[in-house]
Number of protein chains: 2
Amino acid sequence: MVSIKDVARVAGVSDKTVSRVVNGEPNVTADTIEKVQLAIADLGYIPNLAARSIRSNRTNIIGIITDFISTTPYSGDIVRGVQDWAGANGRTVLLANTDGDPTREANVWRTFKAHRIDGVLYVAMYHRVVVPAAGEVSIPTVLVNSHPEDGYVYPSIEPDDFGGSYALTEHLIALGHRRIGYIRLNPLLLGANQRLDAFLAAAQAAGIAESDLVIRLGMEGPVGRETNYVYRETLDILSMPDRPTALVCGNDEMALQAYLAALSLGLRVPDDITIVGFDDFRTVSLGLKPELTTVALPYYDLGWQGADMLDQLVHGKGSETERRVLKCPVVARRSSAQAREMQIADAAGTGG
Amino acid sequence: MVSIKDVARVAGVSDKTVSRVVNGEPNVTADTIEKVQLAIADLGYIPNLAARSIRSNRTNIIGIITDFISTTPYSGDIVRGVQDWAGANGRTVLLANTDGDPTREANVWRTFKAHRIDGVLYVAMYHRVVVPAAGEVSIPTVLVNSHPEDGYVYPSIEPDDFGGSYALTEHLIALGHRRIGYIRLNPLLLGANQRLDAFLAAAQAAGIAESDLVIRLGMEGPVGRETNYVYRETLDILSMPDRPTALVCGNDEMALQAYLAALSLGLRVPDDITIVGFDDFRTVSLGLKPELTTVALPYYDLGWQGADMLDQLVHGKGSETERRVLKCPVVARRSSAQAREMQIADAAGTGG
DNA sequence: ATTTCAATTGACGACGTCGACATTGCTGCC
DNA sequence: GGCAGCAATGTCGACGTCGTCAATTGAAAT
């Protein structure tokens, strides 16, 4: 590999002068700069960052530790957000996946430390509570899509599942729905409770009686290998004599099953039943016809802003206890169409 | 950061001896080893890989360059395959995404070279022809899920779209289907033609007349922002007087739309219509009821084996012209159930 | 002409690691 | 006892870069 000294020789200057040019330091003649740049281009010289990092004790590398990439495809957007931030800020990204295995996680931390990376983004692929196995020697770390268990202190950035679910429920209520079904996520997921709690809170705030809500468990069991009741439960809910006019699903994949169940009963979305999801997993939410009303998880921004928080931390400017929460906006699509509102209003008018 | 010299001082030996212990070199007393390891544990010493790489000219880092992560979620499995290989072989993974932007790609190559990584996996997120912008200074590179344009030479590893599609078609034919519909992928995708060609070849080999095949275009336009005709075309195909008994979709997301269209017509899968997909995008293929018969793309193995090929190359053992093709197995599920075969046989018996 | 000062450039060493080679000490053998 | 031979350990320098400080140059000020 061509080094700074080769360039120096060709340009007829000292290696230090080349270094100056490369790093844009002041006090170099325009003439010298040109000679050096010519030599650099000629030889195809590219600075050796490893060598640089030995001297400076800074690598400009940030590490990402992920757990279960495979089970939740779209959360890869978190990684994309981090990458884009890194690209825009001259950092490079080391990536490692643990598959949830503590042994592998320990190795990953070790490797990252060996690379002397500046910081770590500890990324959970579904929203949950975590305990990073960082060990004694610590690296600045930010938890993404997760927060630390009680007793551990890390800055974190998370989606506002509660707020998103609350807004979604309000959206349905505003459309006139009063009898609403709800199919719960796997209770192991942090989002499961937050979303259900917000649903109940919003319904109560609107004066809807508990008896008008039908709440069922959609999934249970270990994450990634759960037992799925959604189809069956949807059939059941939609076969009730006074069936709900709207059905809220814990996430978009569950909404997919709900669609299939509804269609198989000959019901039409949204005319006969309004269905909404959560996550805005676009393969599903845009793949369904009509397209699915859902709540977008700010994965990309979790990544981007998480990287930014980490950067603050690395430069000693961030707070160890910051807990940032990102809004989850309702994405209204045709599965909860406005027409619905009219129709219900009509029925009410006729009936009353 | 604690260095090898700190350990040496604490252990009362020379730095070189510590180096020997760390690297498991022979000719060190058990006694000395223990002393050193104690000191290492005490100080929490972790070797500095940057320093090591300056001397050895090997970093044990491989780089991944991806293009459009966002559009095709599950191909992230390629990355997971690479990571697992890396973890199992003591390598680390640098990740960069170009979003298909040549300027960003050029920067990525530059950065990778600056890190003196051992090699690059150039990963396309959908199967296609590529031209890596590696520049003059070259790094060992393997193309994954893609192959080089004519005139460029890179080893590559790809899925066998043709073989998978051929086997899938044979599967349908074996079940007794003779009238088959086909909804094409976006023609911009390399897989589109390979899959269609295989479909036609298998049909012809089975003596099925072209007039018994209904072929429609399902999508067109720039990848990621295509116009989608699948729902409409499916409605159209299934409304034909002598409608096909089976419908092959270019991928699983298209199969999802086909399901919805079929259900909305009151048709049942697979009793009234057999539907199959491609990709085994599990959110869809397992999310659909009945679960979808499809062809699995060996994403994970593309990553793992691609990394292995790259390793060969780095060690001067690989071939610059190797083009490895991985099988795509048919995954038979309930959407093309065996029952179907009986039924058709029955009908034929009654009718004939 | 001499001094002063700033701009420009270079020499050198240190970062952490390990390869090449030197040194030390011990064992076994004649 | 003396010496070869080997195991165990140490010294030193180089990898590529850049911080520190010294050296050189030239122009402005006296």
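Every chain is numbered from 1, with letters handed out A, B, ... down the list of sequences.
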To the nearest angstrom, how far is [X] atom [atom1] from [N] atom [atom2]?
X: Arg58(B); N: dC15(D); atom1: CZ; atom2: C1'; value: 16 Å
X: Ile4(A); N: dG13(C); atom1: CD1; atom2: C1'; value: 15 Å
X: Leu49(A); N: dT17(D); atom1: CG; atom2: C1'; value: 11 Å
X: His115(B); N: dG16(D); atom1: NE2; atom2: C1'; value: 15 Å
X: Arg9(A); N: dG16(D); atom1: CZ; atom2: C1'; value: 14 Å
X: Asn23(A); N: dG16(D); atom1: CG; atom2: P; value: 17 Å
X: Asn48(B); N: dC15(D); atom1: CG; atom2: P; value: 18 Å
X: Ile54(A); N: dT17(C); atom1: CD1; atom2: C1'; value: 8 Å

Original post:
Between Asp84(B) and Arg104(A), is there a salt bridge with N-O shorter than 4.0 Å?
Top reply: yes
Original post:
Is the distance from OP1 or OP2 of dC15(D) to the nearest side-chain N or O of Asn57(B) less than 4.0 Å?
Top reply: no
Original post:
Excluding sequence neighbours, so at least two apart, what forms side-chain hydrogen bond (donor to acceptor under 3.5 Å, both in side chains) with Tyr154(A)?
Top reply: none
**OP:** Using the test side-chain hydrogen bond (donor to acceptor under 3.5 Å, both in side chains), find all partners of Arg110(A) that sit at least two apart in sequence or belong to another chain.
**Re:** none
Any pair counted as salt bridge (Lys or Arg N to Asp or Glu O under 4.0 Å), so long as it reaches [range], sequence neighbours left out:
range: residues 121-135 of chain B; value: Asp67(B)-Arg128(B)
range: residues 38-58 of chain B; value: Arg58(B)-Asp118(B)
range: residues 25-38 of chain A; value: none

**OP:** For DNA chain D, write out the stems as range with range, using runs of 3 or more consecutive Watson-Crick or G-U pairs with both distances under 3.5 Å.
**Re:** C:1-30 with D:1-30
Original post:
Does Thr32(A) have any side chain to side chain contact (heavy atoms under 4.5 Å, CB included) partners at least two apart in sequence or in another chain, and if so, which?
Top reply: Val13(A), Thr17(A), Val28(A), Thr29(A), Val36(A)
**OP:** State which residues pass side chain to side chain contact (heavy atoms under 4.5 Å, CB included) with Val131(B); sequence neighbours excluded, sorted by chain then number.
**Re:** Glu149(B), Tyr152(B)
**OP:** Just say parallel, tilted or perpendicular for the rings of Trp109(A) and Tyr122(A), cut-offs at 30° and 60°.
**Re:** parallel
Subject >> Per-nucleotide protein contact string for nucleotides 5-13 of chain D (B base, S sugar-phosphate only, - none; heavy atom under 4.0 Å) >> reply: ---SBBB-B
Subject >> Among dC18(C), dT17(D), dC15(D), the nucleotide that comes nearest once only the side chain of Arg52(A) is considered >> reply: dT17(D)
